[in-house]
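The structure appears right after this line, and notes come after that.
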Amino acid sequence: MRSVRKSTRPWTSGSSGIVPVWQGSSAHARENLGPLQRDRLARVLMRMSKLFLRTLREDPADAEVASHRLLVRAGYIRRTAPGIYSWLPLGLKVLAKVEAIVREEMDATGAQEVHFPALLPREPYEATGRWTEYGPNLFRLQDRKEADYLLAPTHEEMFTLLVKDLYSSYKELPLTLYQIQTKYRDESRPRAGLIRGREFIMKDAYSFDIDEAGLAASYDAQRAAYERIFTRLGLDYVIVSAMSGAMGGSRSEEFLFPCEIGEDTFVRSPGGYAANVEAVHTPSPEPVEAAVVAGLPAAYVADTPDTPTIESLVDVANATQAKPDGVLWTSADTLKNVVVTLVSPAGARDLLVIGLPGDRQVDAKRLEAAVFPAEVEQATAKDLATHPELVAGYIGPSVLGPNGAPRGSDGTDSAQGAVRYLLDPRVVDGTAWITGANESGKHVFGLVAGRDFTADGVIDVAEVRVGDPAPDGSGPLELARGIEIGHIFALGQKFAKALDLKVLDQNGKAVTVTMGSYGIGVTRALAAIAEKTCDDKGLSWPVQVAPAHVHVLAAGKDEAVLTTAEGLAAQLAAAGVEVLYDDRVKVSAGVKFADAELLGLPFALVVGRGLADGVVEVRTRASGDREELAPDAAVARLRELLAAASA
RNA sequence: CGGGGUGUGGCGCAGCUUGGUAGCGCAUUGCGUUUGGGACGCAAGGGUCGCAGGUUCAAAUCCUGUCACCCCGACCA
């Protein structure tokens, strides 16, 4: 959000992004410093006694996942409304550092930063159809004149229009623009704290090229930048093929952080193929040889009373029909025909029947992705009534797709024709099936695909299972879950066409610009880092995004302890190390230790009882390592550890 | 949208079955004692018990309605 950026920017130079919290008993020390030193110190020393922070001893009742629980407990964020969070000083520092890394890498690709409003008028989104296409997930509102506005869920339209406003020649391309902006989506069920919110911060970038080759280059540049960004953030990622879905376009990949609590399921093969489960391409088996097909027995209809389900059908088949090879029938021998209703964006309802092996379910997500922009609904009794040839529980191919006689040819029926019929890729020509005979209580046995029936095409929407063959032929697929932290799209011309973004080419001819769009969930990535690095004691930030580098603890009330801690904190700050100094006097050592572990700065410097023996302690949060050393050696040692951790 | 659950000081919860005018822990304030692993004593502040209606002499508690939130699923760049 703008206010976030504004509040940090004056103090942001390079990647530090530190807000001043220089107050308290040592303020007088400032007076002896020059302006440059003063500024530098102000950026790197925070006092716990003055910090706006309250840590919670108990987990908040509404938080389930670790990142959510700990970010709230450690006083980094507060819930404001469902899926909407406020940022407190420490959280804001982490956010600023994550943003700074994203910004640096975007700038390094030559992308230029701009900033749009989050509150936008309806018209541009009307032009691209997204005012309606986005559905209830779009936050809509009206001004006092009852004009429609929206809180932007993403900004393709605005970037496209801005470029249209100002550019008109191929000479000015390629161009990539980006922003770091608050986005709004009215999720029906926000969850997991920052991971799925209704307000979140996203970096969105858009490339503008004259042709496909240019787009490919821009896409690759962004893809490479994403790899650098997530590496710098310390996040593992898997790049998976994705469906472009609502965004349209050709090529699309997601960056997933593999994680149990992730909401995206993806597959991996031993050979390196990776895809979102929605985008998995199921390889078709080889067609059965003609000679083999020729030898197959003719199909025949048999009575199978009371077999509305695949399970009951298999039981009856085994009881009444011998399988040619003598083995028992299984659900995989059946061809299940599932009826769904597709609703087009214009509202037209059409039935679709999907034929797939009886041991497979239709995966709703894959189906949605495959038929986009149509919506999938369960077929209602009214829908089914438009096609009386469909007998629930006994639907078979002979009345479907190209096999079904077009209805209405005699003028008595206005229906268009046979119900569209699409087959799972596993149902290749020459395979034989038990399937519905379109008559209650009857199934047909040995119906051969290609010989006895055909379909309108193939649809790859069956559930994907662990162990399914990978499309790259390298072996069985494995399934895993992940958090989507980035998504890149080769959009093509969808938005440029809708909004008429054209430039003149070398020949003075107007050509439509080709676009890409590239998003990173900034707040979601922050949560993913927390999720990955935390433990049962609290957060544990990597140096590059930690709110500060070293947590200095004064663990004792002796004058010597306080003076030494104070002095070391100041020395560290002067050496450019960002310090959080726990100078609270009435707080016991145990509380300070627990808070330090909860807050999760990468290193702690403990000044306490060891001081009597001439030592202080340096702790590494992530590993739990502790070492004792002379106070004089502490600053150098910490700088060494920081350098090693930043490398 | 379907299923489950919860609304009681800032946070976490008990009390509700069996109605009698609100309690515990943490946090906060003051004083004192403590100080290397979430201390102790004494004192103090803070709550229209989600909201509305009803039953009753009396409602956090019973009844009706309603709203909100959380979790699982569905859905979702």
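Below, chain A is the first sequence line, B the second, and so on; all start at residue 1. Just so we're clear, the structure is a prediction, and the values are computed from it rather than from any experiment.
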Shorter than 3.5 Å, N or O on both sides, protein versus nucleotides 24-27 of chain B: list them out with atom names.
| from | atom 1 | to | atom 2 | distance (Å) |
| --- | --- | --- | --- | --- |
| B/G25 | N2 | A/Glu58 | OE1 | 3.2 |
| B/A27 | OP1 | A/Arg57 | NH2 | 3.4 |

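- Comparing the P positions of B/U21 and B/U64 gives an interatomic distance of 25 Å, to the nearest angstrom.
- The residue among A/Gly608 and A/Glu187 whose nearest nucleotide of RNA chain B lies closer to the 5′ end is A/Gly608.
- Between A/Lys336 and A/Asp424 no salt bridge is recorded (no basic side-chain N to carboxylate O distance below 4.0 Å).
- Nucleotide B/A39 forms a pair with B/U33, judged by Watson-Crick or G-U wobble geometry with both contacts under 3.5 Å.
- Phosphate proximity of B/C70 to A/Arg79: present, with a side-chain N or O under 4.0 Å from OP1 or OP2.
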Could you give the side-chain donor-acceptor pairs of residues 116-124 of chain A under 3.5 Å, partners two or more places apart or in another chain?
| from | atom 1 | to | atom 2 | distance (Å) |
| --- | --- | --- | --- | --- |
| A/Arg122 | NE | A/Glu126 | OE1 | 2.5 |
| A/Arg122 | NH1 | A/Asp148 | OD2 | 2.6 |
| A/Arg122 | NH2 | A/Glu126 | OE1 | 2.7 |

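- Sorted by first and then second residue, the salt bridge (Lys or Arg N to Asp or Glu O under 4.0 Å) pairs with a member in residues 584-596 of chain A read A/Asp582-A/Arg584, A/Arg584-A/Asp595; sequence neighbours excluded.
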Practice item. Take A/Tyr206 and A/Thr160 through the side-chain hydrogen bond (donor to acceptor under 3.5 Å, both in side chains) test and state the conclusion after the steps. Key: CA-CA 8 Å; A/Tyr206 304 86; A/Thr160 308; over 6 Å; no
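- With the nearest nucleotide of RNA chain B identified for both A/Ile520 and A/Glu597, A/Glu597 has the one nearer the 5' end.
- Using atom C1' as the reference point in both B/C69 and B/C63, the two lie 24 Å apart (nearest Å).
- In this structure, A/Tyr184 and A/Phe139 have perpendicular ring planes: the angle between them is above 60°, well past the 30° mark.
- Spacing of C1' atoms, B/G19 relative to B/C75, comes out at 45 Å, to the nearest Å.
- The same atom, P, is picked in B/G73 and in B/U61; the two are 34 Å apart, to the nearest Å.
- Atom CD1 of A/Ile84 is separated from atom C1' of B/C69 by 14 Å (rounded to the nearest Å).
- No hydrogens or angles were tested; on distance alone, a donor-acceptor pair under 3.5 Å links the side chain of A/Arg73 to the base of B/G38.
- OP1 or OP2 of B/A39 sits under 4.0 Å from a side-chain N or O of A/Ser588.
- Within the structure, every pair that satisfies the salt bridge (Lys or Arg N to Asp or Glu O under 4.0 Å) test and touches residues 66-75 of chain A, not counting sequence neighbours, is listed here: A/Asp59-A/Arg69, A/Asp59-A/Arg73.
- Taking only side-chain nitrogens and oxygens, A/Arg191 comes nearer than 4.0 Å to OP1 or OP2 of B/G73.
- Between the side chain of A/Arg621 and the main chain of A/Trp541, no donor-acceptor pair closer than 3.5 Å is present.
- Among the atoms of the strands shown, none is found under 4.0 Å from any heavy atom of A/Pro153.
- Comparing B/A60 with B/C49, their P atoms are spaced 6 Å from each other, to the whole Å.
- Within residues 616-628 of chain A, the residues having any heavy atom under 4.0 Å from RNA chain B are, by residue number, A/Glu617, A/Arg619, A/Arg626.
- The base of B/G12 does not come close enough to the side chain of A/Asp59 for any donor and acceptor atom to sit less than 3.5 Å apart.
- What separates CE of A/Met48 from P of B/G38 is a distance of 17 Å, to the nearest Å.
- In terms of the salt bridge (charged side-chain N to carboxylate O under 4.0 Å, His left out) criterion, residue partners of A/Lys183 (sequence neighbours excluded) are, by chain and number, A/Asp204.
- If you measure from atom CZ of A/Arg198 to atom P of B/A68, you get 11 Å, rounded to the nearest angstrom.
- Remark: side-chain polar atoms of A/Ser86 are not paired, donor with acceptor, to backbone N or O of A/Thr80 under 3.5 angstrom.
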